[in-house]
Amino acid sequence: LRRRKGKMKKSNINKFITTNPWLKLISLILAMALWFFVVSKGRSVITVDVPIGFKKVPAKLAVAGHPVPVSISIEGQESVLNKLKEGDVSVILDLSGVKTGKVSLPVSIDEVTVPKAVNVIEILPLSVDLLIEEKVRKSVPVRPIIVGLPAEGFLIRAIEVIPSEVEIEGMRKDVGRVYFVKTDIIDVTGVTGNIQHNIPLNLNNDSIITDTPAVEVNIFLQKIKRKS
């Protein structure tokens with residue numbers, strides 16, 4: 001009896017497989033298409049331009065200029081893509097081991113960071129050209145920028161800057177062009193007494209930095225004695 005039941009089960013299975021095979025194949029294809037439709041519903045692809053960041057930059061080297069951003073095409077749920085903020089997609093290149101001169105570095109998916117549930121589908125370009133230059137430091141004087149005139153009957157007797165010099169750092173060609181640094185504008189229009197300001201420096205060059213972002217500027221006024 002058990003053998004007969006076993007034979008009947010096999011016969012039923014064979015009959016199921018061999019009966020209307022094309023209809024069953026079409027049903028399977030439609031089921032798979034429906035599954036893909038449900039899974040992909042609400043998904044989109046967008047392309048974002050991402051500025052390049054760097055890590056492990058050798059101590060006395062820097063990247064000259066501003067490299068062209070990388071275009072990253074990403075795919076995910078529209079609700080996720082619509083909530084993306086600046087910095088959610090990033091490209092960070094490893095500069096360990098680079099030397100001065102022109103270098104070409106590949107941009108692969110390993111250098112791209114995206115949120116969970118978002119997939120990277122295209123990166124353009126696949127490599128970037130960089131110019132690596134040497135960094136140097138030097139001391140330069142600080143020049144306060146004074147505008148306006150004190151109130152009538154007063155004049156500027158002296159100006160004191162503390163510190164009078166600051167150390168700047170940047171690529172050799174940029175630092176070589178800097179002979180002094182300016183402060184932000186200090187307006188003395190109509191003042192009648194001494195002025196003390198902690199005023200930021202205006203380096204006017206993104207590639208140059210300093211450990212002293214501001215200085216103290218003291219402006220001493222003198223009252224003019226009128227002849228009787």
Side-chain angles (χ1 to χ4, degrees), residues 48-72 85-108 110-113 123 125-148 156-188 191 194-221:
V48 292
D49 290 334
V50 182
I52 301 173
F54 305 101
K55 65 180 181 180
K56 298 182 181 179
V57 183
K60 293 186 177 181
L61 299 180
V63 178
H66 300 281
V68 176
V70 177
S71 292
I72 308 292
K85 303 185 296 297
E86 185 177 352
D88 286 346
V89 181
S90 62
V91 177
I92 306 295
L93 299 184
D94 187 340
L95 296 189
S96 58
V98 299
K99 297 180 180 180
T100 56
K102 294 181 179 180
V103 298
S104 182
L105 296 178
V107 183
S108 70
D110 294 332
E111 281 81 40
V112 180
T113 301
I123 302 171
L126 293 175
S127 65
V128 293
D129 296 326
L130 305 175
L131 178 61
I132 308 299
E133 294 190 356
E134 181 186 7
K135 288 193 301 185
V136 296
R137 297 176 71 93
K138 79 172 183 180
S139 293
V140 292
V142 178
R143 179 178 294 180
I145 304 301
I146 313 296
V147 298
I156 296 176
R157 176 172 59 84
I159 300 174
E160 179 185 44
V161 181
I162 305 173
S164 59
E165 291 188 349
V166 296
E167 195 169 65
I168 61 173
E169 180 183 282
M171 286 170 284
R172 182 179 293 278
K173 67 175 183 178
D174 293 327
V175 171
R177 299 191 188 108
V178 179
Y179 302 100
F180 59 86
V181 294
K182 299 177 182 180
T183 67
D184 281 350
I185 293 173
I186 303 172
D187 190 351
V188 298
V191 298
N194 295 338
I195 300 172
Q196 182 183 62
H197 272 302
N198 284 315
I199 194 80
L201 297 178
N202 186 356
L203 298 176
N204 201 29
N205 190 327
D206 293 339
S207 66
I208 293 179
I209 61 173
T210 179
D211 295 331
T212 311
V215 295
E216 180 183 316
V217 177
N218 297 307
I219 301 174
F220 301 98
L221 299 187

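Computed from a predicted model, the values in this text were never measured in an experiment. If you read the sequence from its start, that first residue is 1, and numbering goes on from there.
- Between D49 and S71 there is a side-chain heavy-atom pair separated by less than 4.5 Å.
- With hydrogens and angles disregarded, no donor-acceptor distance shorter than 3.5 Å links the side chain of K182 to the backbone of N204.
- Other residues, nucleotides and ligands place no more than 12 heavy atoms under 6.0 Å from the NZ atom of K56.
- Rounded to the nearest 0.5 angstrom, F54 CZ and I132 CD1 are separated by 7.0 Å.
- Listed by chain and residue number, E111 satisfy the side-chain hydrogen bond (donor to acceptor under 3.5 Å, both in side chains) test with S108 (two or more places apart in sequence, or in another chain).
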Subject >> Candidate pair V128 and V68, rule side-chain contact (heavy atoms from CB on, under 4.5 Å), full reasoning >> reply: CA-CA 8 Å; V128 293; V68 176; over 6 Å; no
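- Across all their heavy atoms, F180 and V140 have their closest contact at CA-CB, 4.1 Å.
- By the 4.5 Å heavy-atom criterion applied to side chains, I219 and I156 are counted as neighbours.
- Closest of all the heavy-atom pairs between P163 and V142 is O-CG2, 4.0 Å.
- In this structure K55 satisfies the salt bridge (Lys or Arg N to Asp or Glu O under 4.0 Å) test with no other residue, sequence neighbours excluded.
- A pairwise comparison of heavy atoms in D187 and G148 identifies OD1-CA, 4.1 Å as the closest pair.
- V103 places none of its side-chain heavy atoms less than 4.5 Å from the side chain of L95.
- Listed by chain and residue number, R137 satisfy the side-chain hydrogen bond (donor to acceptor under 3.5 Å, both in side chains) test with D211 (two or more places apart in sequence, or in another chain).
- No donor-acceptor pair under 3.5 Å is formed between the side chain of S139 and the backbone N or O of E167.
- Interatomic distance, I146 CD1 to I195 CD1, rounded to the nearest 0.5 Å: 7.5 Å.
- In terms of modelled atom types and a separation under 3.5 Å, the side chain of D174 and the main chain of M171 share no donor-acceptor contact.
- For the 3.5 Å distance criterion, the side chains of E216 and N218 qualify, holding a donor opposite an acceptor.
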Original post:
How far apart are the C-alpha atoms of E169 and V175, what are their side-chain angles, what is the distance that settles it, and do they pass the side-chain contact (heavy atoms from CB on, under 4.5 Å) test?
Top reply: CA-CA 7 Å; E169 180 183 282; V175 171; 5.9 Å; no
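- Side chains of V188 and L221 form no contact here, defined as non-hydrogen atoms less than 4.5 Å apart.
- Between V136 and R172, the shortest heavy-atom distance links the atoms CG1-NH2, 3.4 Å.
- The main-chain N or O of T183 is never found under 3.5 Å from a side-chain atom of N202 such that the two would form a donor-acceptor pair.
- The structure places CD1 of I168 at 11.5 Å from OG1 of T212, a figure rounded to the nearest 0.5 Å.
- Rounded to the nearest 0.5 Å, atoms CD1 (I209) and NZ (K135) are 6.0 Å apart.
- At distances below 3.5 Å, not a single donor-acceptor pair connects side-chain atoms of S104 with backbone N or O atoms of D129.
- Using a 4.5 Å cut-off on side-chain heavy atoms (C-beta onward), V215 and I199 make contact.
- Contact check for V178 versus N205: no side-chain heavy atoms found under the 4.5 Å cut-off.
- Nearest heavy atoms, E134 versus T100: N-CG2, 4.0 Å.
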Original post:
What's the verdict on side-chain contact (heavy atoms from CB on, under 4.5 Å) for I123 and I72, showing C-alpha distance, side-chain angles and the deciding distance?
Top reply: CA-CA 5 Å; I123 302 171; I72 308 292; 3.9 Å; yes
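- At most 12 non-hydrogen atoms from other residues, nucleotides or ligands lie less than 6.0 angstrom from CD1 of I185.
- Side-chain contact between I92 and T113: absent, with no pair of heavy atoms (C-beta onward) separated by less than 4.5 Å.
- Residues P67 and L130 approach most closely at CG-CD2, 3.6 Å, considering heavy atoms.
- Under the 4.5 Å side-chain criterion, counting only non-hydrogen atoms from C-beta, N194 is not in contact with Q196.
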